[in-house]
There are 2 protein chains.
Amino acid sequence: MPENLEGAKNRFIHSWGEMGPQWGINRTMAQLHALLMVSEKPLSTDDVMEDLGISRGNANMNLRSLVDWGVVRRAFVKGDRKEYFQSEKDVWNMFCRIARERKKREIEPVLETMQECLALAERDKASTHFRERVGELLDLVKTLDYVLGKIAQQEKNAVLPRILKLLT
Amino acid sequence: MPENLEGAKNRFIHSWGEMGPQWGINRTMAQLHALLMVSEKPLSTDDVMEDLGISRGNANMNLRSLVDWGVVRRAFVKGDRKEYFQSEKDVWNMFCRIARERKKREIEPVLETMQECLALAERDKASTHFRERVGELLDLVKTLDYVLGKIAQQEKNAVLPRILKLLT
DNA sequence: TGATAGTTTCAGAATATATTGAAATGCTGG
DNA sequence: CCAGCATTTCAATATATTCTGAAACTATCA
């Protein structure tokens with residue numbers, strides 16, 4: 001591999017890894033995702049251990065997480081008993097899968113809780129302010145959640161261009 | 001304060017605090033934000049230390065972060081030398097400020113880096129796959145960044161209803 | 001200007017999170 | 001069914017992050 005290409009890959013993997021924690025994803029998982037995104041071939045657990053210099057346990061756990069998130073698939077290489085992994089190739093699909101998972105795991109549960117908090121606070125004078133605030137927040141998060149869900153269902157070309165046009 | 005209101009507030013604060021780390025924000029900062037959102041009056045550093053059971057240093061640092069993010073303002077109570085803090089009241093404004101900060105702090109830098117990675121990988125055959133992948137990712141992130149920026153500039157009623165209609 | 005109340009800083013401590021590596025388990029072909 | 005390789009698990013460890021609290025600093029008042 002040309003030296004500059006290797007440098008570019010490493011820089012990309014490192015940068016993607018830094019971004020992870022800022023969005024609540026652990027560094028290694030993000031690096032692993034970046035590595036698989038730019039890898040031409042599926043990689044085995046041993047490959048990623050070697051490339052990122054991490055342990056088998058760590059590699060295994062984070063590969064599984066990526067599979068659970070639906071952005072990486074298990075792949076089979078004929079004549080080899082090892083499991084291989086390859087990233088979803090289409091970036092729009094990748095985005096949709098991440099959006100749907102975050103919606104399900106992180107947005108919907110908090111919506112539930114907010115609704116419970118509202119129910120818990122009786123409709124008396126003392127609760128007015130609390131109910132207003134949480135109510136408005138709930139409305140906004142619900143709307144954003146709905147919009148995200150809709151967008152993540154569509155073909156890229158079906159929705160982004162129209163939103164772009166709307167915003168001009 | 002009625003017991004059920006207090007319970008509802010605590011539940012809300014706790015739940016908002018849990019959500020923080022999932023999105024790359026520390027628990028205390030998220031709790032502090034929740035506390036200020038549902039508080040009728042501005043609160044002093046001592047108030048939040050008391051309410052959340054945290055140290056002065058911790059309270060000070062996280063209050064400052066919230067001010068830096070633009071979702072909390074310093075407030076002055078006449079006849080009192082203490083500084084008080086109050087949350088931005090309007091949830092849409094809050095959303096816009098967070099969106100703009102994340103864009104500036106977390107999206108734009110990674111866009112820069114990705115562009116550098118592309119520049120670093122020469123235009124030869126060996127780099128084709130890498131350039132395609134990073135290129136497509138860059139395009140999508142750029143578009144989402146642009147959309148987020150536009151939305152976060154608008155009045156709530158100017159944009160959300162139109163997007164909702166588009167998605168029906 | 002000195003006394004007092006308020007705010008910030010930051011080294012060390014506490015806590016939470018991520019990682020390792022070896023043992024246990026699971027699989028597959030012969 | 002067993003030998004050999006692959007995968008998973010998890011207790012111990014390492015690392016990263018957050019938090020504390022007291023000292024340093026700042027602002028205000030008399």
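Here is the naming used below: chain letters follow the sequence lines, and residue numbers restart at 1 for every chain. Just so we're clear, the structure is a prediction, and the values are computed from it rather than from any experiment.
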Distance check needed: [N] [atom2] versus [X] [atom1], whole Å only.
X     : N      : atom1 : atom2 : value
B:F76 : C:dG6  : CZ    : P     : 14 Å
A:D68 : D:dT8  : CG    : P     : 11 Å
A:L63 : D:dT8  : CG    : P     : 9 Å
B:N62 : C:dT7  : CG    : P     : 16 Å
B:M61 : C:dC10 : CE    : C1'   : 9 Å
A:D80 : D:dT7  : CG    : C1'   : 14 Å
B:M49 : C:dT7  : CE    : C1'   : 12 Å

Compare side-chain N and O positions of [X] against OP1 and OP2 of [N] and report whether any pair is under 4.0 Å apart.
X     : N      : answer
A:T28 : C:dT19 : yes
B:R81 : C:dT4  : no
A:N58 : C:dA18 : no
B:R74 : C:dT7  : no

Electrostatic pair A:E101-A:K104, nearest N-O below 4.0 angstrom: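 A salt bridge links A:E101 with A:K104.
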
Answer yes or no: does atom CZ of A:R100 have more than 12 heavy-atom neighbours from other residues, nucleotides or ligands under 6.0 Å?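 It does: A:R100 CZ has more than 12 such atoms within range.
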
If each of B:I54 and A:K82 is mapped to the nucleotide of DNA chain D with the nearest heavy atom, which maps nearer the 5' terminus, i.e. the 5' end?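 Result of the comparison: A:K82.
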
Please figure out whether A:E83 or B:N26 has its closest DNA chain D nucleotide nearer the 5' end.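 Its nearest nucleotide being more 5', the pick is A:E83.
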
Keeping the roles fixed (side chain from A:S127, backbone from A:E122), state whether a donor-acceptor pair exists under 3.5 Å.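 Indeed, once roles are kept as given, a pair shorter than 3.5 Å links the two residues.
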
Taking the side chain of [X] as its heavy atoms from C-beta onward, which of [options] lies nearest to it?
X     : options               : result
B:R64 : C:dT9, C:dT20, C:dT7  : C:dT9
B:N60 : D:dT7, C:dT8, D:dG21  : C:dT8
A:R27 : C:dT20, C:dG6, D:dA16 : D:dA16

Please answer: with hydrophobic residues joined when any side-chain heavy atoms are less than 4.5 Å apart, are B:M114 and A:L5 in the same cluster?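 Result: yes, single cluster for both.
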
Does A:G53 or B:T45 map to a spot on DNA chain C nearer the 5' end, using the closest nucleotide for each?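 Mapping each residue to its closest nucleotide by heavy atoms, the 5'-most match is B:T45.
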
Looking just at side-chain N and O atoms, do B:S65 and B:N62 make a donor-acceptor pair shorter than 3.5 Å?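 No - no donor-acceptor pair under 3.5 Å links their side chains.
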
Just call it for B:R56: base, sugar-phosphate, or nothing, with non-hydrogen atoms closer than 4.0 Å on any strand.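 Touches a base.
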
